[in-house]
Amino acid sequence: MLPTFGMRNRGKGSRAVLSIGRQHLQSKSGGRSAAVYLMICTLKDKAGSRYKLQENIDQFFTKFVEDGKATVRLKEPAVDVCLSKANANILKTFLSAVRLASQGCDVESLPLSSLTPAKTSEIEKPRTKMIITSKRDYPLTKNFPYSLEHLQTSYCKLARIDMRMLCLKKLRKLDLSHNHIKKLPATIGDLTCLQELNLHNNHIESFPVALCISTLQKSLQCLDLSQNKLKALPIQFCQLQELVHLKLDDNELIRIPFKFGQLYKLRFLSAARNRLPFLPQSFKKLSLESLDLFGNAFEQANPLVPSIQITIPLTLLESAARATVNYRIPFGPHLIPAHLCEDLEVAKSCECGKSCLQCYIQTTVTMNLHHVSHTVVLVDNMGGTEAPILCHFCSLTCYSQFLDKYLQSNS
């Protein structure tokens with residue numbers, strides 16, 4: 001009927017609160033009667049528009065009700081109530097109530113209250129972003145909106161993470177930079193949608209293992225731990241395999257987890273101004289777009305001076321451990337002692353592809369970082385782009401073969 005009134009379309013939709021309630025009417029004879037009405041409240045019409053329901057529904061359109069969409073066509077006035085972006089289950093219940101009211105059920109027997117205008121907070125669009133950059137603006141008496149997807153609380157002098165933040169299940173980005181946080185609670189791992197975590201410029205001394213084995217494994221893509229007091233990251237850190245951006249600048253790192261190469265989705269890595277003497281062997285497996293390792297205390301690589309920690313013949317423990325890892329034999333604390341499980345999880349990989357536990361030959365070799373990254377920030381002020389890589393060999397044979405190749409390439 002829109003063309004009849006000179007209108008081209010039904011106009012832009014708006015967020016609204018729909019409610020069904022009882023309204024008492026004064027009859028001409030002086031008595032009072034009750035009728036069921038549909039009330040629609042919007043920001044522009046907070047008092048609400050009311051439509052009688054009994055015998056006033058022309059048609060229901062519910063083909064896409066599972067998608068949260070439906071239309072209720074009224075007879076008088078000739079109005080289409082078009083619903084979308086609704087919760088499917090709530091919408092079904094609502095339509096059932098409208099259908100019952102339209103069929104003329106006993107109004108007095110229905111559990112309906114009187115119609116009252118909706119509150120502004122109920123009509124407003126849920127808040128998804130909140131940025132707080134001073135301590136005086138930090139909410140102390142009010143909770144954070146549960147609809148938040150992006151929360152930033154910087155320069156608030158927070159000594160710990162507010163537990164109220166960890167109830168924001170829709171949170172995708174959490175920025176806690178420029179505070180005084182020392183410890184990270186394991187419950188951060190309960191934020192199942194968290195994709196970005198910024199902890200830049202705090203006082204964090206360790207990264208909890210619990211976070212590495214939490215739901216963050218499947219969600220966390222960007223992590224900023226720069227300007228903290230980290231000396232090492234746990235081995236389990238490499239289980240955060242969705243990481244794409246990782247910042248570790250200006251810490252006190254003396255090593256990177258030896259399984260770092262398992263972060264196969266990592267594309268941007270910066271660990272400048274730390275105390276790294278060398279990089280782990282698995283670092284060669286990375287495929288980065290940008291790499292910054294400037295200002296680290298890298299040692300001079302010397303493949304000709306190895307550290308030999310190997311016995312001939314191998315101990316029974318070493319032989320059994322190598323076989324377990326090489327043949328991928330399942331193990332766990334229910335089968336072998338827990339301390340052996342921990343040793344097997346940190347088994348080293350030889351250049352030949354096999355594993356070694358406590359018996360190995362260790363040395364450092366130089367690698368041009370352009371082999372793992374498209375863009376490389378200079379490692380030092382001398383213009384170098386090379387860094388030492390720690391290598392392990394499971395036997396004298398493997399080391400000798402490596403040494404022959406190394407001498408040939410440098411002759």
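Each of Asn198, Thr133, Asn201 was evaluated against His178; a single residue qualifies, Asn201, per the side chain to side chain donor-acceptor pair (under 3.5 Å) test. Exactly one of Glu351, Lys348, Lys259 qualifies for a side chain to side chain donor-acceptor pair (under 3.5 Å) with Gln281. That residue is Glu351.
Taken to the nearest 0.5 Å, the OG1 atom of Thr62 stands 10.0 Å off from the NZ atom of Lys92. Interatomic distance, CD1 of Ile254 versus CG of Asn296, reported as 12.0 Å (0.5 Å rounding). To the nearest 0.5 Å, the span separating CD1 on Ile181 from NZ on Lys183 amounts to 13.5 Å. With rounding to the nearest 0.5 Å, the separation of OH in Tyr155 from OG in Ser134 is 12.0 Å. His200 NE2 to Leu223 CG: the interatomic distance, rounded to the nearest 0.5 Å, is 13.0 Å. Rounding to the nearest 0.5 Å gives a distance of 11.0 Å between OH of Tyr406 and SG of Cys391.
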As a quick check of understanding, evaluate side-chain contact (heavy atoms from CB on, under 4.5 Å) for Leu340 and Leu317, giving each step before the final call.
CA-CA 10 Å; Leu340 291 180; Leu317 174 62; 3.9 Å; yes
Problem set entry | Derivation and outcome, side-chain contact (heavy atoms from CB on, under 4.5 Å), residues Phe260 and Leu286 | CA-CA 8 Å; Phe260 202 76; Leu286 294 176; 3.8 Å; yes
**Prompt:** Between Phe402 and Phe393, does a ring-ring contact (aromatic ring centres under 6.0 Å, His included) hold up when you go through it step by step?
**Reply:** CA-CA 9 Å; Phe402 158 78; Phe393 303 93; 5.0 Å; yes
Inset, instruction - Just do the side-chain hydrogen bond (donor to acceptor under 3.5 Å, both in side chains) check on Ser270 and Asp249 with the steps written out, would you? - result: CA-CA 6 Å; Ser270 58; Asp249 307 304; 3.0 Å; yes
*asked:* Show, in sequence, the C-alpha distance, side-chain angles and deciding distance for Asp45 and Ser49, and conclude whether the side-chain hydrogen bond (donor to acceptor under 3.5 Å, both in side chains) test is met.
replied: CA-CA 7 Å; Asp45 182 15; Ser49 300; 2.8 Å; yes
query = Hey, mind stepping through Thr187 and Met163 against side-chain contact (heavy atoms from CB on, under 4.5 Å) and telling me if it holds?
reply = CA-CA 9 Å; Thr187 43; Met163 299 305 291; 3.7 Å; yes
(request) Determine, stepwise, if the pair Asp190 / Thr215 fulfils side-chain contact (heavy atoms from CB on, under 4.5 Å). (result) CA-CA 7 Å; Asp190 295 336; Thr215 55; 5.9 Å; no
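Between Glu76 and Lys52 there is no salt bridge, since no side-chain N of the basic residue sits under 4.0 Å from a carboxylate O of the acidic one. The pair Lys265-Glu242 meets the salt-bridge criterion, with a side-chain N (NZ, NE, NH1 or NH2) lying under 4.0 Å from an Asp/Glu carboxylate O. A salt bridge links Arg164 with Asp162: the distance from a Lys NZ or Arg NE/NH1/NH2 to an Asp or Glu carboxylate oxygen falls below 4.0 Å. Ion pair Lys75/Asp58 not flagged as a salt bridge, since none of the NZ, NE, NH1 or NH2 atoms sits closer than 4.0 Å to an Asp/Glu carboxylate oxygen.
Not one N or O on the side chain of Asn56 forms a donor-acceptor pair closer than 3.5 Å with the backbone of Gln54. At distances below 3.5 Å, not a single donor-acceptor pair connects side-chain atoms of Thr375 with backbone N or O atoms of Ser290. Asp175 places a side-chain N or O within donor-acceptor distance of the main-chain N or O of Ser177, the cut-off being under 3.5 Å. Within the 3.5 Å criterion, the main-chain N or O of Ile57 finds no donor-acceptor partner in the side chain of Ser102. In this structure, the side chain of Asn228 engages the main chain of Leu199 through a donor-acceptor pair within 3.5 Å. In this structure, Asn274 contributes its side chain and Ala272 its backbone to a donor-acceptor pair below 3.5 Å.
Under the ring-ring contact (aromatic ring centres under 6.0 Å, His included) criterion, His245 pairs with Phe268, not counting sequence neighbours.
Surrounding NE2 of His374 are at most 12 heavy atoms belonging to other residues, nucleotides or ligands under 6.0 Å away. Enclosure of atom NZ in Lys169 by more than 12 non-hydrogen atoms of other residues, nucleotides or ligands within 6.0 angstrom is indicated. Annotation for Lys231: atom NZ does not count as buried by contact number, only 12 or fewer foreign heavy atoms lying within 6.0 Å.
Residue Leu225 comes nearest to Asn251 through the heavy atom pair O-ND2, 3.0 Å, listed as atom of the first residue, atom of the second, then distance. Nearest heavy atoms, Leu293 versus Ala271: CD2-CB, 3.8 Å.
Taking the side chain as every heavy atom from C-beta outward, Cys222 and Leu197 never approach each other to under 4.5 Å. A 4.5 Å side-chain heavy-atom check between Ser355 and Arg322 finds every atom pair outside the cut-off. In this structure, the side chains of Thr153 and Tyr138 come closer than 4.5 Å at one or more pairs of heavy atoms. Looking only at side-chain heavy atoms (C-beta outward), Phe207 and Phe237 come within less than 4.5 Å of each other. Counting heavy atoms from C-beta outward, Leu390 and Pro280 have side chains that stay 4.5 Å or more apart. In this structure the side chain of Asn179 reaches within 4.5 angstrom of the side chain of Cys156, judged on heavy atoms. Side-chain contact between Val325 and Lys354 is absent, with no heavy atoms from C-beta onward closer than 4.5 Å. Taking the side chain as every heavy atom from C-beta outward, His392 and Cys350 never approach each other to under 4.5 Å.
With Phe60 as the aromatic partner, Arg99 meets the cation-pi criteria of under 6.0 angstrom to the ring centre and within 45 degrees of the ring axis.
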